[in-house]
Amino acid sequence: MSEKTPSDITGPSSTASGWPELGLRPAALIGLLAVLALIFLVSLAVGSVSIPLRDVLAILLGGDPAKATWMTIVLDFRLPRAITAALAGAALGVAGLQMQTLFRNPLADPFVLGISSGASLGVALVVLATSGMLAAGGTTLLSGLGLLGNFGVTVAASIGAAAVMVIVMLASQRVPTMTLLILGLMFGYITGAVVSILVYFSIADRIQTYIAWTFGSFSGTTWKELKVFIPVLVLGIGMAQVMVKALNALLLGENYARSMGLAVRRARFWSIASTSLLAGAVTAFCGPISFLGIAVPHLCRSLLNTSDHRVLVPAVTLLGGILALVADLIARVPGADLVLPLNAIMALIGAPIVIWVILRQRNIKASFGD
Amino acid sequence: MEQLLTAHSLTIGYRHPRQPLAVVASGISVALHSGEMVCLLGPNGVGKSTLLRTMTAMQPLLGGQVRVMGDDIGALKPKELARRISVVLTDRINVGNMSAYGLVALGRHPYTDWLGRLSGRDESVVRNAFEAVGAAELASRRVNELSDGERQKILIARALAQDPFIMVLDEPTAFLDLPNRANVMRILRDLAHHTNRAIVLSTHDLDMALRSADRIWLMGQDGTLHIGAPEDLVLSGRFEAVFRGEGVVFDPATGAFSMERATGQRVQVSGEGIALTWTERALKRAGFLITSDGVSPLVQIEDHGDGLSPTWYLRQAGRESIHHSIHDLLAALGNT
């Protein structure tokens with residue numbers, strides 16, 4: 001069929017000069033990768049104990065540092081934390097990019113589908129609801145989970161996120177895309193209401209625990225948890241990377257995408273699956289990390305001046321990792337024995353940067369029309 | 001001429017759960033040939049867009065059959081269908097800081113690998129598409145900085161880059177000014193004639209359609225589709241019948257619509273040149289019937305030429321008055 005397509009009639013190609021290139025921007029991506037590597041090393045070196053970069057490198061390469069305790073600090077504490085931060089930032093960037101493209105909405109973020117609402121409901125049920133039961137002297141599975149501390153919170157958040165993920169995936173096969181957006185929003189209101197009620201009847205101690213979870217943190221993961229965290233996030237990011245062509249087609253909207261031969265429903269399903277995995281895993285292990293998911297895609301579009309997902313997916317992966325590591329560095333307040341709420345730091349430092357970049361380049365209009 | 005697309009006893013409309021079928025039109029049988037440009041015309045709301053969407057499998061058909069180059073449209077894989085039919089829709093385009101070249105290159109979607117990389121042949125098809133619509137100089141501009149007319153050319157180029165046998169366009173000239181409308185129609189007709197594609201477009205621009213279409217599909221209020229050369233449909237009175245509505249009449253003599261405001265008053269006019277033409281237009285606009293019965297009020301125009309405005313002498317009911325503008329003349333006539 002295709003060997004007799006009508007374009008053969010239109011004659012030979014024109015001169016090759018003067019046409020734009022649709023490049024993959026390797027220089028920019030390598031630059032981002034270099035920055036990411038540098039920040040990663042710095043975040044291993046900086047903390048309550050400063051370790052020279054030379055020794056950090058030696059430890060990573062299997063050598064011996066100047067002090068033996070540094071080995072433990074880097075390998076058991078700072079490395080899991082840095083990996084968590086870099087991967088979580090990358091995941092949120094990729095998830096946010098997919099949601100903004102799928103919903104064609106600049107305000108979409110990884111959590112529009114209600115994934116983090118589900119996770120927060122799970123955590124609230126475990127942390128808050130069990131306090132009432134404890135007061136009443138009851139011991140249940142839930143209170144058991146609550147007493148397990150960090151691990152219990154992660155499990156509760158995972159279950160909550162997974163439950164919403166299943167609902168969203170089923171709904172995505174049945175309702176139009178815009179309806180999904182509204183469903184996610186409404187689900188957020190409902191969980192917010194339930195959490196408020198739980199807070200109202202809860203004891204201060206437990207409320208503190210819940211609030212602390214909502215601040216977000218990259219320090220709750222050990223190597224044991226990373227065994228789950230890393231594969232899930234690599235899978236989710238990989239799924240987005242495989243779908244760059246479909247995401248580009250979806251820039252024109254679902255009707256055009258379908259007319260270009262894209263199986264829209266399937267593409268939407270896998271994009272939502274990827275986003276759910278990424279947002280769900282990050283929320284479960286790090287809490288509801290805000291801001292990165294919405295900001296990183298905008299920053300990448302602005303900085304690289306492109307809307308091509310073949311460039312954007314790797315770029316948000318790298319820049320998301322960079323920004324998460326920087327935010328974590330600042331939240332740890334190098335030189336002081338103090339840890340600030342991660343979400344607060346991200347918004348305080350990140351929002352002005354995004355405002356500056358976007359005002360400078362009028363990027364919202366550029367990216368999403370008027 | 002090869003039949004590229006055929007519809008047989010097609011029923012179009014909408015299927016809602018737990019509700020009876022909402023049939024928009026039925027019994028549509030039509031064939032689309034290579035190398036022809038067809039304009040789909042009809043009053044608002046008769047189902048032109050529904051028909052186009054059904055013909056392109058963007059919407060399920062309720063009955064009958066659509067075949068694209070012999071294959072049932074429902075049985076074609078999306079990618080194969082995309083290689084045969086491309087579309088220009090009325091959907092808003094928000095592609096961010098994408099260049100026009102990037103947008104047109106998206107048309108190669110059914111042909112590229114999983115990463116969407118353009119081969120040398122893909123690049124040359126994209127460039128040919130730009131040149132075919134006369135928009136090569138727009139290639140590196142951002143889509144969101146283009147004017148409506150430029151954007152429409154780029155969207156046509158994108159549809160062309162998809163290298164289809166059939167292009168379907170939903171109101172491609174809406175929102176364009178007259179020169180751009182004419183230009184888009186010329187581009188599409190040239191594409192149909194020179195590249196042997198079949199092009200179907202819906203439009204409300206009857207005048208332009210009558211002047212440029214090879215055939216017209218005229219959709220009536222009852223959902224029937226009248227098919228023929230534009231002139232045949234005018235001569236058979238189909239045009240008048242379909243577009244006859246409140247206060248508007250299609251004038252087969254001029255091929256244009258006029259606002260029907262007949263008041264039954266008659267008037268005689270004498271004069272010449274441009275002044276006569278526009279005086280007659282003004283009188284018709286005001287609802288007068290122009291006659292030469294010898295008894296109705298008589299308007300005589302004296303054209304002084306050389307940029308001076310003419311003088312109108314009006315004789316009615318035995319009195320004569322002089323007027324220096326059409327506005328005054330109409331006012332005087334209205335006072336009888």
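In what follows, chains carry the letters A, B, and so on, assigned in the order in which the sequence lines appear, proteins first and then strands, with residues in each chain numbered from 1.
Between I93(B) and Y256(A) the shortest heavy-atom distance is CD1-CE1, 3.6 Å. L106(B) and A249(A) make their closest contact through CD2-N, 4.4 Å (heavy atoms, listed as atom of the first residue, atom of the second, distance). Of all heavy-atom pairs spanning L252(A) and R158(B), the tightest one is CD1-CD, 3.7 Å. In this structure, H109(B) and M260(A) approach most closely via the heavy-atom pair ND1-O, 3.2 Å. Nearest heavy atom pair, residue S307(A) against residue V95(B), reads OG-O, 3.1 Å.
Contact of T112(B) with chain A is made through backbone and side chain together, with heavy-atom distances under 4.5 Å. Both the backbone and the side chain of S259(A) come within less than 4.5 Å of a heavy atom in chain B. For L155(B), the part lying under 4.5 angstrom from a heavy atom of chain A is the side chain only. Proximity to chain A (any heavy atom under 4.5 Å) is shown, for A100(B), by neither the backbone nor the side chain. Contact of L160(B) with chain A is not made at all, since no heavy-atom distance falls under 4.5 Å. Contact of V126(B) with chain A is not made at all, since no heavy-atom distance falls under 4.5 Å.
Proximity to chain B among residues 236-245 of chain A is limited to Q241(A), V242(A), V244(A), K245(A), judged by heavy-atom separations below 4.5 angstrom.
Side-chain contact between R258(A) and V87(B) is absent, with no heavy-atom pair separated by less than 4.5 Å.
If you tally non-hydrogen atom pairs under 4.5 Å between each of A246(A), A257(A), G261(A) and chain B, the highest count goes to G261(A). The residue among D308(A), L251(A), L262(A), N255(A) with the most heavy atom pairs within less than 4.5 Å of chain B is N255(A). For the set S86(B), A57(B), P110(B), the entry with the most heavy-atom pairs within less than 4.5 Å of chain A is P110(B).
Within 6.0 Å of NE2 in H193(B) there are more than 12 heavy atoms belonging to other residues, nucleotides or ligands. Surrounding CH2 of W217(B) are more than 12 heavy atoms belonging to other residues, nucleotides or ligands, all under 6.0 Å away. Other residues, nucleotides and ligands contribute more than 12 heavy atoms inside 6.0 Å of the CD atom of Q19(B). The number of heavy atoms from other shown groups lying within 6.0 Å of CZ (F175(B)) does not exceed 12.
Here the side chain of S140(B) pairs no donor or acceptor atom with the backbone of P20(A) at under 3.5 angstrom.
The line from OG of S99(B) to CH2 of W19(A) is 11.0 Å long, rounded to the nearest 0.5 Å.
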Given the rule in the side-chain contact (heavy atoms from CB on, under 4.5 Å) test, do E123(B) and L22(A) qualify, once you have shown the distances and angles that lead to the verdict?
-> CA-CA 10 Å; E123(B) 297 263 11; L22(A) 296 176; over 6 Å; no
